[in-house]
Each structure stands twice: as structure tokens, then as C-alpha cells.
Amino acid sequence: MSLQKRCGLPRLQAAKATTTSTASTTVVPWNSRLRELANQCHFAEALTLYRQMLRSGHPPNAFTFPSALKSCAALSLLVTGKLLHGHVVKTGCEPEPFVQTSLISMYCRCSLIKNARRVFEDNDSSRKLTVCYNALISGYTSNSKISDAVLLFRRMREAGLSVNSVTMLGLIPGCIDPVHLGLGMCLHGCIIKSGLDIDLSVGNCLLTMYVKCGSVDYARSVFDEMPGKGLITWNAMISGYAQNGLATHVLDLYREMEFLGIRPDPVTLVGVLSSCAHLGAHGVGREVEQKIKFHGFGSNTFLSNCLINMYARCGNLVKAHAIFNSMVEKSIVSWTVIIGGYGMHGHGEIAVQLFDEMVRTGIRPDKTIFVSVLSACSHAGLTEKGLEYFTAMERKYGLQPGPEHYSCMVDLLGRAGRLKEAEDMIGSMQVKPDGAVWGALLNACKIHKNVDLAELAFKRVIELEPRNVGYYVLLSNIYTDGENLEGVLNVRKMMRERQLKKEPGYSYVELKGKVNIFLAGDRTHHQTVEIYKMLYELESLVKELDEYKENKIQGKNEELLISEGVHSERLAIAFGLLNTLPGTEIIVIKNLRACRDCHLFIKLVSKIVDRQFIIRDATRFHHFENGICSCKDYW
DNA sequence: TTAGGGTTAG
């Protein structure tokens, strides 16, 4: 069957299109409508109109093809695109630079770079305009062929063609990988030299490039130096900070934006909410929820998903579930975040029920939701259920498990004490195990005090992630548990040799929408003097407690022999006490696990002052029950 | 009348 018949397009009469012919004047209203539809992203309708146009005997001309080809490109309709190419040739429109550009762009969008190149090379060089080069450069970049894009860029300059902002917008996204940062910086130099840095889109694109390369400081200097910032600029910087885990920077920038009276859009608020979730900044999150209502973004599924995630991570599952229930259209992400929320707080049964309910509503699970549900099973001790889901994942849904699923399974079996099965599962993996898989086994060895297997897991995990301090700490703690001092010293020696240091622990308290961060021994806060005074008083009061004194004297409970010190948690507690009224709930968030010492300190302080303290780990809520962490930390 | 580009959740 011919391509034309397959696509339902009528045979085209050869008709030379010139702007002066009588035929072309009759097609003007068709072309206008076609362009209108394509510009409004009604691509399928645009192609239907194109077919109608041909059937009614109106031959297309050079003004018809760009809109039709753009529609094919947007819908990735390569067969129709090739057919249109045939029409272009038949009507003699091929040399037209605008048509040529549209053809190049269509082939690039359909990932047929060779055809795009052929169109480009087959044409007379005198008709190759900047736009043609731009289309092919952008095509190379979006098909991960950055070196070809650069070669073409050089050729373009050698041909004496002018380079404009769109050329740069085509090239820069090719440098979004840290390995291409050098090239990106060269382009940045070129941009400044040619004065294109004043273009808002170029600035936004450069900023995004630095963000994706992880060079947030460079991104910030581009941001600061941009003469006119648009909403996209603010959003790019906010989501850039969020993607790089710099949540406090996100909140500061959002405050600045508010101060300047710039109205946020849903994209801004997505970045802000993900940072609130990261920090456990419940208050700012609530404020953002009000803003969402105020601006009428309530029906935005992205934002609802972010709100659910934020409330769930801040421990407010009631609110998270209420938002989830109120959503008219729930996406798979909505189900993933609510299931993940219940899972991370140890409510595995609810997570499992929700998963089954989702499947009943006809949503097909994807790989990500299996991570949520498997990890929920693992934290709630639902071992058999987890194994059942893991089998169904491949057999029923045809999803090949990745390392992230195996690490959940190793964790699940490991926590249940089935260490041999966990080890065998790693051995049976179709994909290469990553650090998290061996790390899960190492963690299980700590729980079940299996030193031999721990040493093997440590050996493997260190091969994969030699600079991850957490694993050294874990092994050292395993040795401490087994009273193996030599082992502890060996780990410390290894760390010294490799110049590894444990990441400093910090704590934060959110107050009146501002996140107040403290490091151990921190003296940078503007209330430092009052905080230290308060901490000193608290420590003295704790020692006065009968409970403390009695245990100390009789040596009944070693746990109550807490040490003195300016731990970050204690500074956060003192700060919270200074700035809140009696009866308030103070949530202290930790970046790493809070030490047992600090949990005891909080417990005793709570007896003296009328405040309710909750200490939460920013990423690992499941280690805490009723605000008390069950993990020991000997460092 | 015509083409090429930048920010978004689990």
C-alpha cells in the first residue's frame, strides 16, 4: 500500500507554489487557519484541515508546509511527515528556506537526524540561512549529539552567518551534563562577547544549564547579573536550588520574590513545596497552600501532589489524605506520594490497602510506585506481602525490577532476619547491584548482629561508594555493638587515610515561616547569647530532676547519664523555647539521625517546660516512633 | 501569511 493511502491523504497534483500565482491566493485562508491551529497546539485538527484542503482541490504552497510539518513533528508522525516531504518536492517548495527549516525540524523531532542532514546538505548553500543551521543544531543537541552541533556551529560561523539567540538556545541544552560544563562555559563566553546575554531566554537557558550541571553558584551569578528577570528566571533559580537540595535557599528566594511583589505561578510553588517537604517546613507549606487557594491553582494536579507529599513528610497524614481524597483527578503520582507517606511513617497496612484500591480503579502500577509499596511493606514488617508484590511486579505487570526495588527487598528480608535469603537475592539480580542494595544488607547485619556478613557487605558497598561516610559509620557501630575495639579503630584509620569526615549534623526549627538552622557549637544565630543562656539553664535543670539524680546515684539506668554539650538539637530546643509560648509543639528536624543522648535530653526537658517536642529526621522518619529514635549513634 | 528556543511533582 502506498504511503498516501495508508495516511488517508489524496493524491497531490504537482503544482508549483509561488506567492504570485492565482492558486496560491485561494489557499491563503486555508493557510491562515492551519497556522492558527498549529500555534494553538491543535496539531491533529491542523492535519485534518490539511487533508480537507487537498480534497477540496487547493494545492499547498510554501506557506502551508511549515504549519503542517510542525504538527507532524509535535505528534511524532514520521510517516505523515515523510509523505508531506513528498508533497514539498512535488510542489517544488523544497528550496524555500522556511520549508527546509520545517523539514529539518520535523525529522529531528522524529529522531531521524540523517534525513534532516540530507535535507540540509541537498540544498544550495546560498539558501542556507541562520534559521536552517539553528534547526539542525537544535536537532543534534536534542538527540544527544552535542559534538555534531558544535561542528555545525563552527561551520556556520565560518560561512559568515550571523549567530543569534536561538542558535545559543539550541546549543546550551547540550551542556546540561557536568561533563560538558567546560563547553557550556565557553558558550557562555561567546554569548557575552556577542552581546546575547541581555536576551532573557538565553539567560534563563544558561541558568538552567549551570543548575543541571550542579554549579548552583554559577547559576546564581547568572541570575544576579540578569538585567530583567522574568517569572521563568525566578522559577528556574527556585527549582534549581530545590533540585540541588538547597531547600533553605529556595525559601529565602521565595521570600525575596514575595517582597518584590512578583506573583508566583504553579511552577514556582512546586519548587517551594518540594523544599518544604525536604525541610519539614510545615508552616511555610501551609502558607503556600493558602496561596494556592488564593491564586485559584487548586485544581492543579502537580500542586496537589506536592501538597500531599509535603504534609506526609511533615508527619501530617490526616491533612495529606484529605487533600488526596479531595482530588477530582488523581494521577499515579498522587497515589505514589500518599502510599509513600503512609509507608515512611510505618503504616504499611494502609499503604497496601491504598495500592490495592489503586489497582482496582484501573491504574496500572509503574516502577516508582512499587518502590513506595515495597518500602512500606519493609518498614511495617509485612514481609510476605512484600514478597508477593515483588513477584507480581515482573509476572503480572511485566516490570523489570531495578536496583531500587532490590534494595527494598534486601531491606525487607534483612529486617525480618532472613539474611541468607537477602544475600541470595543480591546474587540472583539481573541488574548490577548498587551501593544501596549492599547498604541495605549492611544495615540488616547491624540489626541482627551478623559481623561476618557485615564485613562482606561493607567490602562490596565500599567498592561502589568509597566516599559514602554513612557505611563506615555503620560498620564501626556494628563493631562497637560487638565490643570489637580493634574493628572500630580500623574503620577510623580507613576513614582518616581516605580523608573522610562525617557530614556535620545540623538541626532546624521552623518559626514564623523562617527556618532557623544550627550546627553543633554554632554561634552564628542572632540570638546566640540568649540561646546559650537558655541551654545552660536547661542543662542545670535537667540535672536537678529527681529522675536523673536517682538514676545517676544508683546507676540503675545508664541511659539517663546524658552528656553535656552544645549539640545542634539542643541549640534548636533552646531557640524554640525562647521564641514560643507554653503549650506549643516544637518540631526539631535533623539532617542525620539524632543521637540517643539528645532524645533523652528532650525527654527530660519536656518534664520541666510546658512544650511538646518532636524530633524528626528529615529523610528517615521511619526510624522514629513517638518522637524517639530507636537507632544508636556512637559518634 | 512562512521557521528555530528556555522553567514543572513521586
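Below, chains carry the letters A, B, ... as their sequence lines are ordered, and counting in each starts from 1.
Counting any heavy atom pair closer than 4.0 Å across all strands shown, A:S138 reaches sugar-phosphate atoms only and no base atom. The residue A:D366 sits close to a base: some heavy atom pair falls under 4.0 Å. Residue contacts shown for A:E36 are absent, as no nucleic acid heavy atom lies under 4.0 Å away. Residue-level contact check: A:V166 touches the bases, meaning some heavy atom is under 4.0 Å from a base atom. Nucleic acid contact for A:D265: none, since no nucleic acid atom lies under 4.0 Å from a heavy atom of the residue. Residue A:N305 is classed as a base contact, given a heavy-atom separation below 4.0 Å to a base. Base engagement by A:I332 is indicated by at least one non-hydrogen atom pair under 4.0 Å involving a base atom. The residue A:R33 sits apart from the nucleic acid: no heavy atom pair falls under 4.0 Å.
Distances from the side chain of A:S239 to the nucleotides B:dG10, B:dT1, B:dT7 place B:dT7 closest. For A:A135, taking side-chain heavy atoms from C-beta onward, the closest of the listed nucleotides B:dG4, B:dT7, B:dT1 is B:dG4. In the set B:dA9, B:dT7, B:dG6, B:dG6 carries the atom at the smallest distance from any side-chain atom of A:L169. Of the candidate nucleotides B:dG4, B:dT8, B:dT1, B:dT8 has the atom nearest to the side chain of A:K212. Nearest nucleotide to the A:V267 side chain, out of B:dG6, B:dT7, B:dG4: B:dT7. In the set B:dG6, B:dG4, B:dG5, B:dG6 carries the atom at the smallest distance from any side-chain atom of A:I232. For A:V270, whose side chain is taken as the heavy atoms from C-beta onward, the closest listed nucleotide among B:dT1, B:dT8, B:dG6 is B:dT8. Counting only heavy atoms from C-beta on, A:P173 has its side chain closest to B:dG6 among B:dG10, B:dT2, B:dG6. For A:S201, the side-chain atoms get nearest to B:dG5 when compared with the rest of B:dG5, B:dT2, B:dG10. In this structure, the nucleotide among B:dT2, B:dG5, B:dG10 sitting nearest to the side chain of A:V337 is B:dG10.
Of the charged side-chain nitrogens involved, none lies within less than 4.0 Å of a carboxylate oxygen, so that A:R360 and A:E357 do not count as a salt-bridged pair. Salt bridge A:D224/A:R220: present, at least one basic N to carboxylate O contact under 4.0 Å. Salt bridge A:K319/A:E289: present, at least one basic N to carboxylate O contact under 4.0 Å. Looking at A:R255 and A:E287, a side-chain N of the basic residue comes within less than 4.0 Å of a carboxylate O on the acidic one, giving a salt bridge. Looking at A:K291 and A:E258, a side-chain N of the basic residue comes within less than 4.0 Å of a carboxylate O on the acidic one, giving a salt bridge.
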A:E121/A:R117 under salt bridge (charged side-chain N to carboxylate O under 4.0 Å, His left out): CA gap, chis, key distance, verdict: CA-CA 6 Å; A:E121 297 297 357; A:R117 183 84 197 199; 2.7 Å; yes

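In this structure, the CE atom of A:M156 is 10 Å from the C1' atom of B:dG4, given to the nearest Å. Between A:M237 atom CE and B:dT7 atom P the separation is 14 Å, expressed in whole Å. Atom CZ in A:R263 sits about 17 Å away from atom C1' in B:dT7, given to the nearest Å. If you measure from atom NE2 of A:H278 to atom C1' of B:dG10, you get 15 Å, rounded to the nearest angstrom. Whole-Å rounding puts the A:Q243 CD to B:dG10 C1' distance at 14 Å. In this structure, the CZ atom of A:F153 is 15 Å from the C1' atom of B:dG5, given to the nearest Å. In this structure, A:W234 places its CH2 atom 15 Å from C1' of B:dT7, rounding to the nearest Å. Distance CG (A:D199) to P (B:dG6): 13 Å, rounded to an integer number of Å.
Checked by distance alone, A:N134 brings no side-chain donor or acceptor within 3.5 Å of a matching partner on the base of B:dG5.
Look at A:R313 and you won't find any side-chain N or O under 4.0 angstrom from OP1 or OP2 of B:dA9. Listed pair A:S105 / B:dG4 meets the phosphate criterion, a side-chain N or O lying under 4.0 Å from OP1 or OP2.
Of the possible donor and acceptor atoms, none in the side chain of A:S138 sits under 3.5 Å from a partner among the backbone N and O of A:N134.
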